[in-house]
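Before any comments, here is the structure.
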Amino acid sequence: MLIFELGGKGRSAKAQYRQMDTEIEIPESHLRKTPAGLPEVSELQVVRHFTNLSKKNFSIDGEFYPLGSCTMKYNPRGVHKAASIPGFLNRHPFAPEAHSQGYLACMYELQEYLKDVTGMQVISLTPMAGAQGEFAGVAMIRAYHNKNNDLDRSEILIPSAAHGTNPATAVMCGYKVREIAVNAEGDLDLDELKKAVGPQTAGLMMTNPSTCGVFERQIKEISSVVHEAGGLLYYDGANLNAILGKVKPGDMGFDVLHMNLHKTFATPHGGGGPGSGPVGVRSRLAPFVPTPIVGKREQDGKDYFYWRDEQEIPETIGSLSAFMGNAGILLRAYAYARLLGREGMHRVGEYATLNANYMARQLEQSGFELAYPKRRATHEFIVTLSKEAKQLGVNAMDFAKRLMDYGYHAPTTYFPLLVPECLLIEPTETESLEEIDGFVKAMKCILKEAKDCPELVTGAPYNMPVRRLDDVKAARELDLSLMK
Amino acid sequence: MPFVPHTDEDEKVMLDTIGVNSIEDLFDEIPGELRAGELLQIPDGISEMELLRLMNERARRDEVVLSFLGAGAYEHHIPGVVWDLTSRGEFLTAYTPYQAEASQGLLQLIYEYQTMISRLTAMDVANASVYDGASAMAEAMLMAVRANRKSKSKKILCAGNVHPGYLAACRSIVRNQQISIDIIDWDVDTGNLDTNYLQSGEDYAALVISYPNFFGGLEDVNHLTDWAHQEQALVVAVVNPISLGLLNPPGNWGDDGADIVVSEGQPLGIPVSSGGPYLGIMCCRQAIVRQMPGRIIGRTTDLDGKEGFTLTLQAREQHIRRAKATSNICTNQGLLVTAATIYMSLMGDKGIYEVARQCHHGLLTLLEKARRLPGVEPRFHGPRFHEVVLKLPVTAKKVLAGMAEQGILGGYDLGGFSENLENCVLVNVTETKTIEDIEKFVACLATVLEV
Amino acid sequence: MVEFPKNLRFAKTHEWARLEDDGTVTVGISDHAQEALGDVVFVELPDVDTALDAGGEAGVVESVKAASDIYSPVSGTVLEINNELEDKPEIVNEAPYDNGWFFRLTPSNSDELNSLLKSEDYQRLCEEETH
């Protein structure tokens, strides 16, 4: 039932506002003529309605969520609590520096930590999500070439397996996109890359480990090919969790990167956001970083933290939000880093990799086909169900839907696009052996069902609040808001 | 690592299954010279107890007694219910609802949000939100260029009295797509748009109007909307959602209403929290919905004919359309949508109306008391919502610093904004301020001015 | 069974073109294309009087899982568009060569039709793509 259908005329949560007969000095022509039509419900009705809605959701807190490329690891509650301290929640974005030293200290230290794990020289925390970080990164590449009067660089190279945001971002920054093929081992086709680079190359965007769930072994060569052609190397931090504490993108030759703190630093996904996508650069791109960033100087014998804005960074690509990005998420990332500490940070990539390799091997031994069986899995791996789709008529989507009946969120389906009928599976480091074994067992059961009774799988799910939804109807007969 | 559950025994079982001797062996495809050394900048880990102690100490350093700062981030009462419910793990730790069957709760909630927002703004449809008000305005500019089929122009005409932070972010975001932004100056006496600068015949994709404007003033939006439509430009409205409890919603502006509406959703139950995470509200007319970026939820039916909710119009998004997507955006502010939806459900029309009215009334009270101080007067005349520009006898910087020493944040210094706003401060009052708070503000201002 | 009518010419980008008796050219998408797209949910057409280049973007056809650009197979000026597709995009799936046409144009150079693929060549192209 929709909340609009619960109401009674004139009902509302009256404890939440005062009623006063106050004057208004606004001419009639500016005033609202008719009420908007918001819900008319009591406070208890609101509480019940949204509590019940919450129960119709899968979440990390409730279910194993092996969603490839999304890093659905445990979001520590203590971190949420630390970031929800009233002093932080009530701090106004324009509060004077003198009244912001506690907050700014956290931000400054976070910048330092992120420099260390990425091998970059300057970090800007302001981008509000991965896609905005990407935008900032590519905009800096553009600013760099412009500064050098290198104006014919019009192309961004992107591996064909890349996430869709990469090409979309390149276009938003005014570039043309050229895709580079990926070979059967999941590595970039180096010959094609060599042919593709030239004076028109602005840069190459890639993840490493790649979206194929394998480490790009030729990264050093790729880096020199692109750099020799005068291009820059962009690191999409989507898969940073795989190498956190093990490999620094800066050491691989990347000039600029973004991180997804909602993945690697365990900030909650919140049902689709907020995210946070800080960018890091090596020194040659430092003049262009998005503002503001946090600086430190000595004042009266003590550390004093301050904002560095476009006065100090005049060649900046500019600001990206009204204030300074998703501050509350940055605080969470900071708190997470403190809980992990140096030792914990080194372990993230290790255990994420252990879990993925174990799970891949278990699934392989249960009769599933790995997309890259000869490669080590990184923090994630790909199972391809093209055999099942052809022989049994049960495809990757059917497996995904049936998994929900077993109490598991589906892995990522049909991505990367170049592997047919694929499931991209990422268990993360915070899942236990028992949980992983349980998932493998469910996959085995579904495979058996697919052989014995395929329509059972193709008709799934059955235990969810709804069965499969009519997407075609949703798109043809758009119903995006309840008519009054 | 405090959140890795593996026992030594687990680790051994797993390594044996994989057929390697150590975790280190799993990294054997990575060239040795790429391996990171120790992370020297990261301190030793601490416990949750130590973390909370540290964070409490830092938060306490930043506390103030009373704040009259607005300028795009407003301190409203947040009902206890809002974040208690929003912090439920089922909302907090869910992913984007790509698997609709396992996300019906969130999907229905977003459908309800879209309905509430489109009703509040009197528009046809809303998306599931973008990052914040500033990025929503930038997306609106890009959308207007795509959606305006009557004009091929890549020029936007933008009010000079929109939030300067929004304008700066828009410039950074649209710059690389050959879109240019022309500014309409505001009148130095009223602070409102100078309609003399509206010249016919220039081809613009859209006109961007802020209502209230950055100074808290109310523009003649009916006139501006009709003018823009006459010139074949779309109208992008930038509004405050709380003000719409009281003020004429953009869907009703002029003869035909605004075409795209964006808004910072922070006042709807979201703490000011150093500037984020906030909520970028975005709505439009039905006719141009396919040009709107971001996620949109639709109502449909399942295999059994039962009502359900799903993501729709996805073919426009980056994960399918790649280089041709409407935007590279792949986040909506799901958690903040949840908070705002719960807030609007609690308040209803009546609650939001009352909050808007009391903000406005509080501001009138403050203004009446403050202007009794010698040399203090409103810089602009004309109707306003819940913010006012006060002109002071000395620099705002000096006054604000003096007030801050007494624990009161007196407002936003407009000194750097324009040469016409020397000694000016932007002051906000919301329903959270009592008459005593307002008297405290005035008394504090008086002592600072006397020094 | 996917159809490849003999009387039509095809572009590599999966549009068909038919020369009408009055010298105008009607354009739509092939049976193969509609099948690959799946249920069509929306079609965006060019405005009447728009001048199109051969191979230039002329609109978008959208299904639940994909959105594809439509390219004009020949150059010319748009004379008429199929307004029925606005409310009933499913016609593209039901009758791609008939009621599911997209737009009609006055060609600026009808010789361009000859450089398009013949039915059997297009069929071969499609078969290669699926294998």
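Being a predicted model, the structure only gives us computed values, none of them experimental.
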Item to complete: Return yes when atom NZ of A:K195 has more than 12 non-hydrogen atoms of other residues, nucleotides or ligands closer than 6.0 Å, and no otherwise.
Response: no
Worksheet item: Which heavy atom of A:R476 sits nearest a heavy atom of C:D39, and at what distance?
Response: NH2-CB, 3.7 Å
Worksheet item: Is chain A contacted by the side chain of C:E62, its backbone, both, or neither, given a heavy-atom distance below 4.5 Å?
Response: neither
Discussion item. For A:K387, is the NZ atom crowded, meaning more than 12 foreign heavy atoms sit under 6.0 Å from it?
Written reply: yes
Worksheet item: How far apart are the closest heavy atoms of A:V472 and C:V41, and which atoms are they?
Response: O-CG1, 4.0 Å
Worksheet item: Within a reach of under 6.0 Å around CG of A:N463, are more than 12 heavy atoms found that belong to other residues, nucleotides or ligands?
Response: yes
Discussion item. Could you check whether atom CD of C:E86 has more than 12 heavy atoms from other residues, nucleotides or ligands sitting under 6.0 Å from it?
Written reply: no
